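Below: the structure, in structure tokens.
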Amino acid sequence: LEHYVLQESASSSFSSYTEWETTDTSKAFAKGAVVGTYYYRVRADGTTWGDGPWSNIESVALGFYDEFNDDSSGWPDDRGVMYVDSGGIPHYWWRKYLPTTGSGQYRILIDQGGPYAWFYQPFAKAPYIPSSGKFCIESNLKFEEGNMWANMGVVIGAHATDTQIYAFCMSRNNDPGLGWFLMRKDDYEFPTDQPRYRRGCSGPTYKIEGFAPGGQDVRAGTSRESWNRVRLGIDGDKVKVYIDDYYKGEKTLAGLSDTTYIGLIGGDYELTPIDIRFDYFKVVMGSDCDY
């Protein structure tokens with residue numbers, strides 16, 4: 001009986017693998033939220049000619065999807081003291097999961113802190129590293145509580161030391177919507193007791209303001225009170241911006257392609273408390289969000 005043997009492995013050497021036999025000429029896979037690169041090879045076996053040779057090895061780089069309902073998935077779940085006030089009461093920053101009965105949320109929280117807590121903007125590094133220079137990051141962002149000048153965003157590239165980060169940022173002010181911009185910060189460091197080094201989405205070294213090709217309102221698709229769906233298409237040093245399916249345009253951020261890490265960021269400029277929520281985090285490989 002003629003049939004095909006298909007093998008799947010997480011290693012290009014196929015030191016371990018999963019194997020299927022089928023008489024069909026194709027095999028469908030539902031990988032769900034699995035992360036990583038997978039390798040495949042196939043051969044044709046038959047009772048007449050025996051086992052055939054293996055085909056060339058093909059690989060597929062799978063993306064990443066996290067609904068924040070499992071606190072063991074690798075995102076930071078911690079807190080730190082910003083300062084202790086004159087009454088001996090500590091004031092904190094948090095990065096933590098908020099599991100729910102359905103899709104959970106991820107939270108960045110800055111405690112009530114007055115001037116001593118200015119510019120605290122934690123970067124939460126994603127437990128996933130994109131395997132190529134072209135990918136789409138998608139997430140929902142919301143200010144659960146946020147005063148004027150609060151900010152939240154998505155880090156689209158960072159070095160291992162986190163001292164240089166690239167990000168898409170949304171800022172809350174007095175306007176009906178949210179301001180937004182792309183930025184590069186060359187001296188970011190968190191946590192630290194030096195205010196100017198805490199800044200991620202404020203006081204950046206290089207700040208490219210939001211832009212609106214075709215006459216679109218820069219704030220179209222943004223909300224001060226509810227969720228903001230953001231898609232960021234990265235292809236080398238180029239970034240495409242979509243907010244609630246409004247295409248905002250494309251910019252080049254020199255040096256972005258040299259970075260590796262991605263994630264979430266947010267915090268305050270001056271006024272606290274700040275409570276930022278993220279609904280999910282998705283990475284689609286091989287796409288710059290043009291879907």
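The structure presented is a predicted model; accordingly, all values stated were derived computationally and were not measured.
Qualifying side-chain hydrogen bond (donor to acceptor under 3.5 Å, both in side chains) partners for Ser13, counting only residues two or more places apart in sequence or in other chains: Ser11. Arg198 pairs by the salt bridge (charged side-chain N to carboxylate O under 4.0 Å, His left out) definition with nothing, not counting sequence neighbours. Taking Glu58 as the reference, nothing meets the side chain to side chain contact (heavy atoms under 4.5 Å, CB included) condition, with sequence neighbours excluded. A search for salt bridge (charged side-chain N to carboxylate O under 4.0 Å, His left out) contacts involving Asp244 returns nothing, not counting sequence neighbours. For Arg43, the salt bridge (charged side-chain N to carboxylate O under 4.0 Å, His left out) test picks out Asp45, Asp51, with sequence neighbours left out. For Trp94, the ring pair (Phe, Tyr, Trp, His ring centres under 6.0 Å) partners are Tyr92, not counting sequence neighbours. Checked against ring pair (Phe, Tyr, Trp, His ring centres under 6.0 Å), Tyr106 has the following partners two or more places apart in sequence or in another chain: Phe68, Trp75, Tyr97. Listed by chain and residue number, nothing satisfies the side-chain hydrogen bond (donor to acceptor under 3.5 Å, both in side chains) test with Ser55 (two or more places apart in sequence, or in another chain).
Checking Gln121 against Ser202 by side-chain atom types alone, a donor-acceptor pair falls below 3.5 Å. For the residue pair Ser73 and Asp66, a side-chain donor N or O sits within less than 3.5 Å of a side-chain acceptor on the partner. In the model, Ser257 has a side-chain atom that pairs as donor or acceptor with a side-chain atom of Asp237 under 3.5 Å. Judged by distance alone, the side chains of Gln164 and Asp186 do bring a donor and an acceptor atom under 3.5 Å apart.
Here the straight-line distance linking atom CD1 of Ile274 with atom CG of Leu109 works out to 9.0 Å at 0.5 Å rounding. The CD atom of Glu138 sits 8.5 Å away from atom OH of Tyr65, with the distance rounded to the nearest 0.5 Å. To the nearest 0.5 Å, the span separating NZ on Lys134 from SG on Cys289 amounts to 10.5 Å. Here CD1 of Ile276 is found 10.0 Å from CG of Leu264. Values are rounded to the nearest 0.5 Å.
Tyr197 belongs to no hydrophobic cluster, as no Ile, Leu, Val, Met, Phe, Trp or Tyr side chain comes under 4.5 Å of its own. Other cluster members for Phe14: Tyr17, Tyr39, Ile57, joined by side-chain heavy-atom distances under 4.5 Å among Ile, Leu, Val, Met, Phe, Trp and Tyr. Here Trp54 is tied into one hydrophobic group with Val5, each link being a pair of ILVMFWY side chains closer than 4.5 Å.
Among pairs with a residue in residues 15-26, none fulfils salt bridge (charged side-chain N to carboxylate O under 4.0 Å, His left out), at least two apart in sequence or across chains.
In this structure, Asp268 and Trp149 have side chains that are not in contact, with every pair of non-hydrogen atoms separated by 4.5 Å or more. Between Met170 and Val230 there is a side-chain heavy-atom pair separated by less than 4.5 Å.
Between Phe64 and Tyr128, the ring planes lie parallel to each other; the angle is under 30°, not in the 30° to 60° tilted range.
The distance between the ring centers of Tyr247 and Tyr242 falls below 6.0 angstrom. Residues Phe123 and Tyr261 place their aromatic rings such that the two centres sit no closer than 6.0 Å.
In summary, Arg95 and Asp78 engage in a salt bridge, as defined by a charged side-chain N under 4.0 Å from a carboxylate O. With respect to Asp162 and Lys125, a salt bridge is recorded, a charged nitrogen being found less than 4.0 Å from a carboxylate O. For the pair Arg172 and Glu145, the salt-bridge criterion is not met [side-chain N within less than 4.0 Å of a carboxylate O].
A salt bridge (Lys or Arg N to Asp or Glu O under 4.0 Å) with Arg107 is found for one member of Asp77, Asp275, Asp279 and no other, namely Asp275.
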